[in-house]
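Labels below follow one simple rule: chain letters A, B, ... track the order of the sequence lines, proteins then strands, and each chain is numbered from 1.
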Number of protein chains: 2
Amino acid sequence: MASIRDVAKKAGVGVGTVSRALNGTGYVAEDTRAKILAIAEKLDYQPNELARNLFRNRTGIIGIVVPDMENPFFSKLLKHMEIQLYKNGYKAMICNTIEISNREQDFIDMLRQNVMDGIITGAHSLQDYAYLNLNKPVVAMDRNLGPGIPMIHSDHKAGGRMAARLLLDAGCRNVLNFGGSFRVHTPSNDRHQEFKQVMEENGASVKTIEMAWNMMEYDYYCRIMEQYMDIYRDIDGVFTTDIGALYCLNIANQRGVKVPEKLHIVGYDAVDMTRLFTPKLTSIAQDIPGLATACVDTMMDLLDGKKVEMEQILPVSIQKGGTV
Amino acid sequence: MASIRDVAKKAGVGVGTVSRALNGTGYVAEDTRAKILAIAEKLDYQPNELARNLFRNRTGIIGIVVPDMENPFFSKLLKHMEIQLYKNGYKAMICNTIEISNREQDFIDMLRQNVMDGIITGAHSLQDYAYLNLNKPVVAMDRNLGPGIPMIHSDHKAGGRMAARLLLDAGCRNVLNFGGSFRVHTPSNDRHQEFKQVMEENGASVKTIEMAWNMMEYDYYCRIMEQYMDIYRDIDGVFTTDIGALYCLNIANQRGVKVPEKLHIVGYDAVDMTRLFTPKLTSIAQDIPGLATACVDTMMDLLDGKKVEMEQILPVSIQKGGTV
DNA sequence: TTGAAAGCGCTAACAC
DNA sequence: GTGTTAGCGCTTTCAA
């Protein structure tokens, strides 16, 4: 691999001149520049990013932490973040945290070792303290990592209220409410309190079920849905994330329980696959591209040393379907 | 941020000794080592990876290129690759190629600039030549990038034959066969020739429809399925990738066409969400974790300078469902 | 067993 | 305008 020295030698100039010519920084005579460019081309010269990185003390890489990128919400989020980062000249390094303990800490260590320039985290880990006193750019999605770390999330409280309204309008009196683990306080969990409150204010009864904090797999949703649909046979409504809601629909179909006549279902996230079902799932939609853009823009501001909003809340909306 | 010099100074030793002590390479007296470790700890010293990378001329990063990581097949593949890379001490940098032209070339340039140590590509790009004469580790999934680049894919030919067998056994005589673009020759496209051949050998008629090479979005599948289900109203079977198959099921449901009585559907990939439908989608399953492991293991061998198989073919299997 | 010193390939400051 | 040089922070000879 040709180095800048090879180019300089062949062009009969110093390395500084080559650097200036190739980067367009500082003065270089027009014919010197042309000669250097031609020789760089001929030698197929590629600047070594490793050396540049060391000098500049940056890599142009942003780490993205998610619990499970197989989950459609996170895969879409990740995709949009990656595209957004690319548009800003950055690269995306990824990290799945569930299934491997301590994964997130390893990733944070890499940030301290200058492997990447910043981290956007959407993980549900328990060890929030690890991000404190890091003094490096960190953006938290749906997670409160303490003072100084900007936080971006959907308006989950409004989402919870919308879901309650939908079920109440459909006449539900007795509903199941599947929430994430309460061991981790996240903005997204707020929707369940709001949901419960609105339902109860209107005289409906709500059973709230706590799910495991680190389980996102299809099989887990399947098991837990079957279990609770067995225990609570008299319910007339369910509010849970999309995959859970779809399993619920599936189980109802298999048991001959008519949806939405006998059972009303509202999902959360409104991921694309909910549109494949007949009836389409009624669900509260998060603005995933918007969240991705907000996270990336905030990261860029942090990298530029600008001041950023400490909490950004994006609106949610209703995906009208046929399950309510 | 404390550097190795700070540690050396505070410990009253040379930087070389600190390096040897911390890395466990070469001789260091026991008490010198203990003292160095203690001081490194107290100073919260973190070795700068940038400097290490420059010296070693490696980053420990592998790039993974996929057309669309929102597609459930690729999101699962990516997840397993990332986990597998982690187990081997490597990090994963990602790149979505569709929607942005030239994305893949940019990524290849980064490989040449030592941003990463190798690339695993599962993209459907048209410009295969870009990988030639690269002299860096490249592993191709479902893609033939020419001599010298190992290729890993499922036994798609067998998959095509299995699908044909399923539809023939169900009595199909007149089927729709949605294939990827024929402008790019990929092993995964082979399934459609095999499918067609087996169907026709058994007296059935096959309409093969070519899809766009770079479209993976839900809306595209929706449009194309509606379009062809309209044109060919007399078909009794469909073979296509899962999402297409699920839209097909959806359209059949809306039109009151009974599945599997009047229309038989076989998907491809058997991604998790196909299990959420009632009936479950009958589909040809690829071994996604197996593909991910094979790709990563092959990459590790290339990095170690070992000899690798130039073509690895993994078996497919049938996911029994209720759509056939 | 240890310290000093030579790079890894690049950029930028500073002479000329 | 251009060449020389001093680092960026680390690892690894090589002498001592």
Chemist: Taking the side chain of Val15(B) as heavy atoms from C-beta outward, which of dT2(C), dA12(C), dA5(C) is closest to it?
Modeler: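 Of all the options, the side chain of Val15(B) is nearest to dA5(C).
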Chemist: If you check the Tyr27(B) side chain, which of dG3(C), dT11(C), dT1(C) turns out closest?
Modeler: dT1(C)
Chemist: Closest nucleotide of DNA chain D for Thr17(B) versus for Leu54(B): which of these residues is on the 5' side?
Modeler: Leu54(B)
Chemist: Between Asn53(B) and dC8(C), is there a contact of a side-chain N or O with OP1 or OP2 at under 4.0 Å?
Modeler: no
Chemist: Taking atom types as modelled, is there a side-chain donor on Asp106(B) or Tyr86(A) under 3.5 Å from an acceptor on the other?
Modeler: yes
Chemist: For Glu309(B), look at atom CD and say whether over 12 heavy atoms of other residues, nucleotides or ligands are found less than 6.0 Å away.
Modeler: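 Not more than 12 within 6.0 Å, no.
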Chemist: Select base, sugar-phosphate, or nothing to describe what Asn48(A) touches, counting heavy atoms under 4.0 Å on all strands.
Modeler: sugar-phosphate
Chemist: Rounded to the nearest Å, what distance is computed from the NZ atom of residue Lys9(B) to the P atom of nucleotide dG3(C)?
Modeler: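 So the NZ-P distance, Lys9(B) to dG3(C), works out to 15 Å.
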Chemist: Using five base pairs at each end to define the local axes, how bent is the helix from dT1(C)-dA16(D) to dC16(C)-dG1(D), to the nearest 10°?
Modeler: 50°
Chemist: May I ask you to decide whether Arg52(B) forms a salt bridge with Glu49(B), counting only side-chain N to carboxylate O separations under 4.0 Å?
Modeler: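 Yes, this pair counts.
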Chemist: For dT11(C), does OP1 or OP2 lie under 4.0 Å from any side-chain N or O of Ser19(A)?
Modeler: yes
Chemist: What is the distance, rounded to the nearest whole Å, between atom CD1 of Ile4(A) and atom C1' of dA12(C)?
Modeler: 12 Å
Chemist: At a heavy-atom distance below 4.0 Å, which nucleotide of DNA chain D is the first touched by chain B, and which is the last?
Modeler: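 Nucleotide range with atoms under 4.0 Å of chain B: dG9(D) to dT12(D).
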Chemist: How many whole angstroms separate atom CZ of Arg56(B) from atom P of dG9(C)?
Modeler: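 Interatomic distance, CZ of Arg56(B) to P of dG9(C): 16 Å.
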